[in-house]
Participant: 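Handing you this structure, nothing more for now.
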Amino acid sequence: MPRVKRGASPTSTFVPNQRLPVHRWFRYSAGFSGGWAEAMVRAHARPEGLVLDPFAGVGTTLVAAQLGGRPSVGLEAHPFVARLAAAKLCWTGDAGALERAGAEVIAAAEAARAVEPVALLDAAYVPEALAELLGLRWAIESLTREGSVERQLAWLALAAILRACSSAGTAPWQYVLPRKQKTRIAAPRTELAAQLARMVADMRALARDAPPARVIGGDARTCVGIADASVDLVLSSPPYPNNYDYADATRLEQTFFGEVRGWGDLQAVSRRFLVRACSQHAAAERLSVPPLLEDAAVGPIAGELVAVCTALGALRRTRAGHKAYDAMIAAYFGDLGRVFAALARVVRPGGKVCFVVGDSAPYGVHVPALDWLGRLAAASGFALLERRRVRVRNVKWQNRKHRVPLEEAELWWVRG
Ligand SMILES: C[S@@+](CC[C@H](N)C(=O)[O-])C[C@H]1O[C@@H](n2cnc3c(N)ncnc32)[C@H](O)[C@@H]1O
């Protein structure tokens with residue numbers, strides 16, 4: 001395993017991926033390190049053993065498994081993110097065909113207009129840049145065949161440059177900050193050509209037979225599509241119970257491709273499929289806390305969960321915003337309990353599971369997620385092998401009162 005320095009983790013950050021072939025094709029801040037994942041695959045999966053990532057994101061584990069010589073499968077419930085992962089897995093395709101298709105697209109693209117104005121796009125782009133990007137989108141859709149490797153990769157390339165071409169501040173995480181203007185704005189045509197050139201170069205450099213890898217647009221809570229006792233190693237990072245809204249992570253990109261018109265569409269288009277790990281989700285589903293606490297899936301942690309949710313409920317009534325952290329936390333652990341039950345079905349006896357995950361402190365109430373996930377895993381038949389601290393995280397919650405530093409760790413289990 002890599003040595004982990006405090007404060008700078010090779011495990012849980014996407015940053016090193018920006019220099020790694022294929023991993024660098026789309027920056028997903030929720031992603032973890034491809035180099036670390038590849039080392040873990042080589043060390044912990046048998047040569048022909050199937051690797052599963054039930055929270056596949058943009059496919060870091062799957063690409064790492066391919067490069068590490070193991071077959072793999074991923075589940076990703078966010079449809080747009082699953083599509084990004086599926087496109088990345090096309091890296092084994094014909095680099096020359098992508099090069100030719102890309103050149104044709106760039107030569108043919110003419111400035112195009114949005115059918116209707118969309119507020120986020122108007123705030124994020126100067127009109128000329130938006131017209132050029134829309135023209136490139138039109139050229140990709142007209143000149144490449146639906147479902148082809150060239151279409152998927154050209155689409156990915158365009159999705160990957162949207163933030164660089166925006167004049168508004170686009171934070172590494174999901175947010176678009178229209179009032180913050182960038183000094184360096186990339187020109188769409190030039191940026192797309194550069195992105196395609198990087199992709200073609202990576203495909204040529206890696207050209208080799210890779211073991212099969214696929215991503216299913218599916219749910220980790222059921223693992224439908226994964227055969228019983230078929231998995232050798234699970235390598236994954238689930239959402240943390242810390243109020244990140246994954247539905248919002250690709251809002252700019254989904255708006256550009258016409259999948260959503262605004263924030264209000266996110267629940268229907270993606271959030272409803274996800275593990276409930278943010279207060280927006282709890283609010284959208286109008287979750288009521290008592291039934292969540294009686295859910296059999298949280299049985300192993302019920303006493304402590306009730307205490308934490310009661311404290312959060314009391315604070316909710318006193319705080320502006322009235323965030324539904326109590327419902328979010330109760331729903332989150334029920335969902336993760338179901339994930340472990342599903343993993344118990346698909347992991348072979350003796351197979352390993354590694355989760356990179358962190359605890360949290362909404363409204364300053366410490367939620368010991370690492371301990372609780374351990375108890376949920378144990379209830380589904382997983383024995384803890386190791387808890388390896390990755391880093392102590394800065395505490396995001398402004399109004400915290402707790403004194404426990406937040407921890408992020410690799411949790412390793414073996415299936416009994
Ligand atoms: C921490 S990120 C994982 C990122 C991944 N390790 C990578 O490198 O790209 C968690 C992912 O889980 C996905 N997700 C949330 N709920 C899910 C569910 N019920 N089933 C499958 N995936 C889910 C989110 O959309 C998000 O992409």
Side-chain angles (χ1 to χ4, degrees), residues 9-18 20 22-38 40-41 51-65 72-89 156 173-174 213 215-226 234-251 253-254 266-267 269-278 280-281 285 297 328 331-343 346 354-358 360 369 390 408 410:
S9 149
T11 308
S12 64
T13 160
F14 195 78
V15 176
N17 292 359
Q18 287 165 274
L20 293 179
V22 187
H23 293 295
R24 65 178 177 157
W25 290 2
F26 188 89
R27 187 188 163 117
Y28 190 45
S29 301
F32 55 30
S33 154
W36 169 83
E38 193 179 326
M40 294 305 102
V41 163
V51 175
L52 166 68
D53 187 345
F55 297 99
V58 293
T60 307
T61 296
L62 310 181
V63 172
S72 62
V73 59
L75 296 162
E76 172 53 56
H78 189 311
F80 190 86
V81 178
R83 198 171 158 199
L84 293 169
K88 266 169 77 184
L89 295 179
L156 172 66
W173 186 239
Q174 66 251 48
V215 62
I216 303 173
D219 192 335
R221 291 167 292 191
T222 58
C223 289
V224 167
I226 314 293
V234 173
L235 190 60
S236 196
S237 180
Y240 299 5
N242 64 357
N243 211 31
Y244 269 152
D245 185 4
Y246 284 97
D248 209 1
T250 50
R251 176 151 54 111
E253 291 79 6
Q254 287 179 275
L266 297 176
Q267 179 66 20
V269 169
S270 50
R271 198 185 293 114
R272 69 191 167 109
F273 303 121
L274 307 181
V275 157
R276 294 162 298 179
C278 63
Q280 296 88 330
H281 200 157
E285 290 188 358
M328 167 189 107
Y332 174 84
F333 287 98
D335 283 350
L336 267 289
R338 278 177 274 282
V339 170
F340 286 115
L343 292 181
V346 301
C354 173
F355 272 9
V356 178
V357 67
S360 69
V390 170
E408 211 168 341
E410 289 167 33

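Every number for a ligand or one of its atoms is a count from 1 in the order of the listing. It should be emphasised that the depicted structure is a prediction, and the values quoted were computed from it without experimental measurement.
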Participant: Test your reading of the structure: does Ala30 have an N or O sitting under 3.5 Å from an N or O of ligand 1?
Facilitator: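 Among all N and O atoms of Ala30, none is under 3.5 Å from an N or O of ligand 1.
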Participant: Less than 3.5 Å between some nitrogen or oxygen of Pro239 and one of ligand 1, yes or no?
Facilitator: no
Participant: Regarding ligand 1, does Gly31 bring an N or O atom to under 3.5 Å of one of the ligand's N or O atoms?
Facilitator: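 Checking ligand 1 against Gly31, no N or O pair falls under 3.5 Å apart.
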Participant: Among Phe355, Tyr246, Phe32, Phe55, which residue places a heavy atom closest to atom 1 (C) of ligand 1?
Facilitator: Tyr246
Participant: Non-hydrogen atoms of Gly34 versus ligand 1: any pair closer than 4.0 Å?
Facilitator: no
Participant: Please indicate whether any nitrogen or oxygen in Thr60 is less than 3.5 Å from any nitrogen or oxygen in ligand 1.
Facilitator: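 Thr60 vs ligand 1: N/O contact under 3.5 Å present.
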Participant: Would you check whether Ser237 has a nitrogen or oxygen atom less than 3.5 angstrom from a nitrogen or oxygen atom of ligand 1?
Facilitator: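 Such a contact does not occur with ligand 1.
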Participant: Tell me if the centroids of the rings in Phe55 and Phe32 come within less than 6.0 Å of each other.
Facilitator: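 No: the rings miss the under 6.0 Å criterion.
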Participant: Among His23, Glu76, His78, Arg221, which one puts a heavy atom closest to atom 13 (C) of ligand 1?
Facilitator: Glu76
Participant: Any N or O on Pro238 sitting closer than 3.5 Å to an N or O of ligand 1?
Facilitator: no
Participant: I'd like the name of whichever of Phe80, Tyr28, Phe26, Tyr240 reaches closest to atom 26 (C) of ligand 1 through any heavy atom.
Facilitator: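 When every heavy atom of Phe80, Tyr28, Phe26, Tyr240 is considered, Tyr28 comes closest to atom 26 (C) of ligand 1.
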Participant: Compute the minimum heavy-atom distance from Gly218 to ligand 1 and say whether it is under 4.0 Å.
Facilitator: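 Distance cut 4.0 Å: Gly218 passes for ligand 1.
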Participant: Does the side chain of Leu336 come within less than 4.5 Å of Pro238's, by heavy atoms?
Facilitator: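 A side-chain contact exists here, since the closest heavy-atom pair is under 4.5 Å.
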Participant: Look at ligand 1 and say whether Phe273 reaches it with a heavy atom at a distance under 4.0 Å.
Facilitator: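 Judged by the 4.0 Å heavy-atom criterion, Phe273 does count as contacting ligand 1.
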Participant: Kindly identify the option in Pro54, Gly358, Ala64 whose heavy atom sits closest to atom 21 (C) of ligand 1.
Facilitator: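 Closest candidate by heavy-atom distance is Pro54.
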